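Single-structure report; data block below.
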Amino acid sequence: MSMEEMIDKYFRPGRLPHIWCPGCGNGIVTGCIVKAIAKLNLEKNDVAVISGIGCSSRASGYLDFNTVHSAHGRAIPIATGVKLAEPKLNVIVVTGDGDATAIGGNHLIHAARRNIDMTVVLYNNNIYGMTGGQYSPLTPEHAKATTAPYGTVERSFDIAELAKAAGATFVARGTTFHAPLLADLITKGIEHKGFSLIEAITGCPISFGRQNKIGGPAEMIQWQRDHALPLAAFDKLSAEQKSGKFPIGILYQNNDCKEYTEAYDELIVAAQGGK
Ligand code: SF4
């Protein structure tokens, strides 16, 4: 299916054009989600896309599936309710680093712990873009933000490691430079039975790039090219060589953990006397 056919099929024409700034990476990540759905040949009515609040979360309004554009940080609890009510749905959460790891951080770790079957695509642009460039829990230490004009002194989360430690059973990272890989990782995340988190490194030239003098969209995407390494190559580096670099690909997968809605259904059957 061509990109034009995908736009016709999966986007709501009345909602376009989108609000994203020129050079923003959000369109690439959203395109990767759609490519993954197209590759898996999922019926539109079998997909639910739930988002929170922020630049990336606007994607749910553009996509023609069952969608909820919810409240700040609350995409995952709403997605949890949707999945429990209709376990056959492919539930995809669209969220940003501020939305998912600050106000929504509590929900993220508990959904991972439960291993509920949903795919969280976390657009990581390292900042709160929509609200004016405040630093988020994924803003790198010493990077500038409107709330940290001299650089933040806070250490940032490695959200992939955090999700893994919390119990996620599929954890991956891609970038908008490596878009075909990112689409493939989202495909595998949707196929995975359990909680999957795909961190999508994406450029925000307006709120993050400008304040940190990284350059425009081209320089930001070149930065991704120059700092991301496939996991196998990354693992071969010394600690010193790893500094400033990050691994991409599937970082962790565990297929042996019971999925939450299945466990819940078994409990209901047992409570009803095994019938
Ligand atoms: Fe994209 Fe940043 Fe603009 Fe938001 S503020 S639309 S993340 S470039």
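Just so it is clear, the values below take in all heavy atoms, side chains as well, and ignore hydrogens, waters and symmetry mates. Start at 1 and go down the list; that is how both ligands and their atoms are numbered. Since we're looking at a predicted model, the values are computed, not measured.
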For this session: Could you name all protein N, O or S atoms found under 2.8 Å from atom 1 (Fe) of ligand 1?
Result: Cys24 SG
Problem set entry | CG-CZ distance between Leu182 and Arg173, expressed to the nearest 0.5 angstrom | 12.0 Å
Exercise. So which heavy atom on Ala168 is nearest to which on Tyr252, and how close?
Worked result: O-CE2, 3.3 Å
Exercise. Has the side chain of Asn124 got a donor or acceptor atom that lies under 3.5 Å from a matching backbone atom of Thr202?
Worked result: no
Problem set entry | Residues which pass ring-ring contact (aromatic ring centres under 6.0 Å, His included) with Phe170, listed by chain and number, not counting sequence neighbours | His192
Exercise. In Å, rounded to the nearest 0.5 Å, how long is the span from OG of Ser57 to NE2 of His72?
Worked result: 9.0 Å
For this session: Could you check whether the rings of Tyr264 and Tyr260 sit parallel, tilted or perpendicular, using 30° and 60° as the cut-offs?
Result: tilted
